[in-house]
Amino acid sequence: MPDNALIDMDFLVTPLISLLAWIVVQTATTTDRVLLLPNATGGVSALVVKTGNDEKTLAHAFSGARINGMGRIEVDEVASTSLSESYAAAVNALPAKPVTFTVYFLTGSDTELTTESIPVLEQLKSALASRSVPEVMVIGHTDRVGKLEDNDALSIRRAASVRSILSRLGLAGVSFEIAGRGEREPLVTTEDEVAEEKNRRVEINLR
């Protein structure tokens with residue numbers, strides 16, 4: 001074979017090797033990212049990341065997995081301090097943490113709140129204004145004074161009363177679900193027929 005034929009083959013092989021290397025690099029480029037975040041109390045559960053030919057388990061807060069174009073999973077961790085910078089769009093899209101507000105009623109009343117409860121309603125109003133699509137559950141409770149069935153009805157009336165108060169505060173467009181627990185879920189355990197202020201309450205759970 002003439003020398004110039006060997007030279008021609010070199011010109012063909014070298015670009016071909018470069019092309020194959022470029023294809024391998026592009027194929028191995030990361031295409032998906034999974035990150036395990038802690039819940040509202042700081043705890044985490046396990047998350048299994050699985051592809052057709054690989055599987056990894058994430059069990060620590062801020063541990064992550066990259067799934068490349070070859071279907072392989074690469075596990076790493078992200079510093080919590082850099083989370084908002086590296087994943088700003090995803091962090092901003094997370095819903096706000098659930099919060100609970102509690103107001104208290106005078107003995108036997110389903111309309112009269114204690115003086116200390118009035119500022120709580122303003123705090124709730126501000127919290128609702130900061131959420132685009134709030135979900136609100138209003139749950140009424142009573143102490144153990146009176147009959148069980150009467151307290152069931154009283155707890156629902158208290159929840160409905162708080163809903164009405166919030167509507168008058170300019171939150172008429174917000175959807176509220178109400179429920180009554182009667183005397184069944186006390187904050188303070190007492191004997192029957194014992195009046196306890198902390199149990200005469202309405203809890204407003206905001207998500």
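For the side chain to side chain contact (heavy atoms under 4.5 Å, CB included) test with Glu183, the passing option among Asp143, Leu154, Leu148 is Leu148; the others fail.
By the rule that hydrophobic residues join a cluster once side-chain heavy atoms approach within less than 4.5 Å of another member, Phe101 and Phe176 end up as members of one cluster. Cluster annotation: Val136 is connected to Val99 through the hydrophobic network of ILVMFWY side chains, with a link wherever side-chain heavy atoms come within less than 4.5 Å.
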query: Step by step, would you call Leu113 with Ile165 a side chain to side chain contact (heavy atoms under 4.5 Å, CB included)?
result: CA-CA 10 Å; Leu113 297 175; Ile165 293 171; 4.0 Å; yes
query: Does the pair Val162 and Val103 meet the rule for a side chain to side chain contact (heavy atoms under 4.5 Å, CB included), with working shown?
result: CA-CA 9 Å; Val162 169; Val103 294; 4.0 Å; yes
message: Run the side chain to side chain contact (heavy atoms under 4.5 Å, CB included) test on Leu187 and Arg201 for me, step by step, so that the C-alpha distance in whole Å, both residues' side-chain angles and the decisive distance to 0.1 Å come before the verdict.
response: CA-CA 9 Å; Leu187 280 182; Arg201 71 196 191 279; 3.4 Å; yes
query: Run the side chain to side chain contact (heavy atoms under 4.5 Å, CB included) check on Val202 and Val138 step by step: do they pass?
result: CA-CA 7 Å; Val202 167; Val138 183; 3.4 Å; yes
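Ionic pairing of Arg72 and Glu74 is not present here: no N-O contact between side-chain nitrogen and carboxylate oxygen is shorter than 4.0 angstrom. By the 4.0 Å N-to-carboxylate-O rule, Arg158 lies too far from Asp110 to be salt-bridged with it.
The shortest side-chain heavy-atom distance between Leu206 and Glu135 does not fall under the 4.5 Å cut-off.
Heavy atoms only, all atoms of each residue included: Pro98 and Arg207 are closest at CB-CG, 4.0 Å. Counting all heavy atoms, side chain and backbone alike, Arg144 lies closest to Asp192 at O-OD1, 2.9 Å. Pairing each heavy atom of Ser161 with each of Thr111, the nearest pair is OG-CA, 3.7 Å.
The distance from atom CD of Glu112 to atom CZ of Arg200, rounded to the nearest 0.5 Å, is 11.5 Å. To the nearest 0.5 Å, the span separating CD1 on Ile204 from CG on Leu166 amounts to 6.5 Å.
The hydrophobic cluster of Val194 has no other members, since no ILVMFWY side-chain heavy atom comes under 4.5 Å of it.
Arg181 pairs by the side chain to side chain contact (heavy atoms under 4.5 Å, CB included) definition with Ile139, His141, Ala179, Glu185, not counting sequence neighbours.
Around the CD atom of Glu191, the shell of radius 6.0 Å holds no more than 12 heavy atoms that belong to other residues, nucleotides or ligands.
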For residues 114-129, please give each side-chain donor-acceptor pair under 3.5 Å, one per line with the distance, not counting sequence neighbours.
unit_1 : atom_1 : unit_2 : atom_2 : d
Thr114 : OG1    : Ser117 : OG     : 2.8
Ser117 : OG     : Tyr104 : N      : 2.8
Ser117 : OG     : Tyr104 : O      : 3.4
Lys125 : NZ     : Leu169 : O      : 2.9
Ser126 : OG     : Glu122 : O      : 3.2

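Without hydrogens or angle criteria, Ser109 side chain to Phe105 main chain gives no donor-acceptor distance under 3.5 Å. At least one donor-acceptor pair under 3.5 Å links the side chain of Asp54 to the backbone N or O of Ile73. Proximity of a side-chain donor or acceptor of Ser155 to a complementary backbone N or O of Asp152 within less than 3.5 Å is detected.
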